[in-house]
Amino acid sequence: MKKKLAVLGGAVSTLGLLGLYITNRFMYLPKKDEKDIYEREIQANRLVEREYNTLPKEEVTITSPFGYSINAVFITPYPEGKFMIFCHGVTENRWNSVKYMNLFLKRGFNAVIYDHRRHGESGGKSTSYGYYEKQDLKAVVDELIRREGEDIQFGIHGESMGAATLLLYAGSVEDRADFYIADCPYSDFGQQLTYRMSAEVKLPSKAVLPLINGMLKLREGYTLKDIAPLAVVDRIQKPVLFIHSADDDFILPRMTEELFQKKKGPKQLYMDFKGAHAQSYNDNPEKYEEVIDEFLQRFTGGGAS
């Protein structure tokens with residue numbers, strides 16, 4: 001009996017360590033250095049220091065509902081104008097959003113760029129792939145409304161994890177923006193994790209998902225089903241533009257197709273980019289702007305100024 005208990009105890013301990021290892025891998029995914037991202041964007045001419053520095057702006061500290069600080073920048077070249085909020089992807093920070101910000105500044109929008117929890121200069125101990133980030137996004141929206149009033153018109157753009165975050169926000173927190181642009185989101189983080197584990201660490205992913213769920217619930221208070229935009233996208237009433245590269249092999253384009261199919265009401269899909277994950281704008285900015293203009297003209301009456 002003692003031997004059986006020892007074996008059982010050893011198996012439980014091994015499973016616990018495996019669950020801890022896997023959850024650590026994605027909760028604490030190494031981030032890119034903030035200075036490196038800044039320099040990368042400058043070298044690619046997507047961030048022009050002189051132009052950025054002359055923009056009227058205010059650095060703002062927003063308190064997350066979970067107690068830490070969210071670092072944001074409100075850029076306001078247009079008094080009483082429309083706004084765009086930008087949500088970056090995992091391992092990135094607000095500097096990665098500047099290229100999208102510039103696109104919308106040309107179209108008469110003011111902008112809010114900010115660092116997700118555990119990224120850039122924001123607080124927060126772990127990355128939750130939209131679970132806590134969606135409430136942080138609401139805090140950013142609330143601050144925008146506090147400053148600009150209830151009648152403010154605004155949209156939200158997100159890339160990768162940022163796209164999944166805005167869909168979770170709109171589908172499960174509040175459908176407050178006037179429109180959304182989701183660039184290469186995952187439809188279900190559990191499915192995405194299964195795909196990446198099979199490609200990277202050769203683990204029997206389906207067998208360990210229950211273990212991951214249990215460990216996530218124990219450590220962070222949520223499970224994988226809580227970070228599945230596919231489960232809530234049909235609740236979004238406002239227009240959504242879905243963008244994905246057909247050649248993306250990190251987050252598969254079928255995930256965006258699933259989201260588009262399930263989304264009810266006004267929506268648009270563009271998947272004819274050719275390139276790596278989250279590179280649609282970088283590889284073809286002219287076409288990206290055309291797609292944005294078509295969407296804005298179709299659903300907001302706006303577009304290139």
Side-chain angles (χ1 to χ4, degrees), residues 60 62 64-65 70 72-76 78 80-89 94 97 100-116 130-185 187 227 229-243 256 259-260 262-270 281 288 291-303:
V60 178
I62 301 168
S64 164
I70 302 167
V73 185
F74 282 61
I75 297 99
T76 53
Y78 306 107
E80 302 179 359
K82 303 170 290 186
F83 273 80
M84 283 295 298
I85 298 172
F86 298 94
C87 303
H88 63 77
R94 67 195 180 281
S97 298
Y100 301 119
M101 177 197 79
N102 291 335
L103 187 160
F104 280 90
L105 289 181
K106 290 192 296 184
R107 286 154 178 79
F109 287 83
N110 295 309
V112 182
I113 58 176
Y114 75 101
D115 296 323
H116 284 304
Y131 183 75
Y132 292 118
E133 287 84 358
K134 67 180 185 290
Q135 297 291 348
D136 288 348
L137 175 54
K138 182 182 185 304
V140 174
V141 170
D142 289 347
E143 178 63 16
L144 174 62
I145 292 171
R146 186 189 72 79
R147 288 166 170 262
E148 302 296 329
E150 290 286 341
D151 295 332
I152 181 69
Q153 292 182 308
F154 70 97
I156 305 176
H157 176 288
E159 176 189 276
S160 193
M161 182 190 76
T165 294
L166 71 83
L167 294 172
L168 288 166
Y169 160 80
S172 64
V173 180
E174 59 178 9
D175 192 2
R176 181 65 180 81
D178 293 284
F179 62 89
Y180 307 92
I181 300 172
D183 186 337
C184 59
S187 58
I227 40 179
L230 190 63
V232 299
V233 70
D234 59 340
R235 302 176 193 171
I236 303 173
Q237 299 300 310
K238 304 292 180 54
V240 180
L241 169 60
F242 295 94
I243 294 173
T256 282
L259 288 163
F260 177 76
K262 193 169 182 185
K263 163 73 170 79
K264 299 175 181 176
K267 58 185 176 180
Q268 186 170 319
L269 175 68
Y270 191 86
Y281 176 83
Y288 201 97
V291 173
I292 295 293
D293 282 336
E294 180 185 347
F295 174 75
L296 292 178
Q297 187 64 46
R298 181 179 177 188
F299 293 111
T300 74

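Values reported hereafter were calculated over all heavy atoms of this structure, with side chains retained and with hydrogens, waters and symmetry mates removed.
Atom-to-atom distance recorded for Thr256:OG1 and Lys263:NZ is 14.0 Å, nearest 0.5 angstrom. Atom-to-atom distance recorded for Leu166:CG and Leu137:CG is 7.0 Å, nearest 0.5 angstrom. With values rounded to the nearest 0.5 angstrom, Phe86 atom CZ is found 8.0 Å from Ile181 atom CD1. How far CZ of Phe179 is from CD1 of Ile236: 14.0 Å, rounded to the nearest 0.5 Å. Rounded to the nearest 0.5 Å, atoms CD1 (Ile243) and CD1 (Ile292) are 4.5 Å apart. One distance of note links CG of Asn102 with CZ of Arg107; it measures 11.0 Å at 0.5 Å rounding.
Residues forming a side-chain hydrogen bond (donor to acceptor under 3.5 Å, both in side chains) with Ser97 (at least two apart in sequence, or on another chain): none. Applying the salt bridge (charged side-chain N to carboxylate O under 4.0 Å, His left out) rule to Asp136 yields no partners; only residues at least two apart in sequence or on another chain are considered. When the side-chain hydrogen bond (donor to acceptor under 3.5 Å, both in side chains) test is applied to His116, no partner is found at least two apart in sequence or on another chain. Listed by chain and residue number, Glu143 satisfy the salt bridge (charged side-chain N to carboxylate O under 4.0 Å, His left out) test with Arg146 (two or more places apart in sequence, or in another chain). Here Asp142 pairs with Lys138 under the side-chain hydrogen bond (donor to acceptor under 3.5 Å, both in side chains) rule; sequence neighbours left out.
Between the side chain of Lys262 and the main chain of Leu259, no donor-acceptor pair closer than 3.5 Å is present. Tyr100 contributes no side-chain N or O that, together with a main-chain N or O of His88, makes up a donor-acceptor pair within less than 3.5 Å. When atom types are taken as modelled, the side chain of Lys238 and the backbone of Tyr180 share no donor-acceptor pair closer than 3.5 angstrom.
Pairing each heavy atom of Phe83 with each of Ile75, the nearest pair is CE2-O, 4.4 Å. Nearest heavy atom pair, residue Arg235 against residue Gly171, reads CD-O, 3.1 Å. Scanning all heavy atoms of the two residues, the minimum distance from Pro266 to Phe299 falls at CB-CE2, 3.4 Å. In plain terms, the two heavy atoms of Gly155 and Ala177 that are nearest each other are CA-CB, 4.3 Å.
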Checklist entry - Step by step, would you call Phe295 with Tyr270 a side-chain contact (heavy atoms from CB on, under 4.5 Å)? => result CA-CA 10 Å; Phe295 174 75; Tyr270 191 86; over 6 Å; no

Next on the checklist: With side-chain contact (heavy atoms from CB on, under 4.5 Å) as the criterion, how do Phe154 and Asn110 come out once you've worked through the C-alpha distance, each side chain's angles and the decisive distance to 0.1 Å?
Outcome noted: CA-CA 9 Å; Phe154 70 97; Asn110 295 309; over 6 Å; no

Checklist entry - Run the side-chain contact (heavy atoms from CB on, under 4.5 Å) check on Ile62 and Tyr114 step by step: do they pass? => result CA-CA 10 Å; Ile62 301 168; Tyr114 75 101; over 6 Å; no

Next on the checklist: Using side chain to side chain donor-acceptor pair (under 3.5 Å), reason through Tyr281 and Asp183 one step at a time and then give a plain yes or no.
Outcome noted: CA-CA 10 Å; Tyr281 176 83; Asp183 186 337; over 6 Å; no

Next on the checklist: Using side-chain contact (heavy atoms from CB on, under 4.5 Å), reason through Leu168 and Tyr131 one step at a time and then give a plain yes or no.
Outcome noted: CA-CA 8 Å; Leu168 288 166; Tyr131 183 75; over 6 Å; no

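Ring orientation note: the planes of His157 and Phe104 are nearly perpendicular, at an angle over 60° on the 30°/60° scale.
Between Ile152 and Ile145, the closest side-chain pair of non-hydrogen atoms falls below 4.5 Å.
Within the structure, every pair that satisfies the salt bridge (charged side-chain N to carboxylate O under 4.0 Å, His left out) test and touches residues 152-178, not counting sequence neighbours, is listed here: Glu150-Arg176.
Taking the ring axis of Phe109 as reference, the NZ or CZ atom of Lys82 stays within 45° of it and closer than 6.0 Å to the ring centre. Both tests pass for Lys267 against the ring of Phe260: distance under 6.0 Å to the centre and angle within 45° of the axis.
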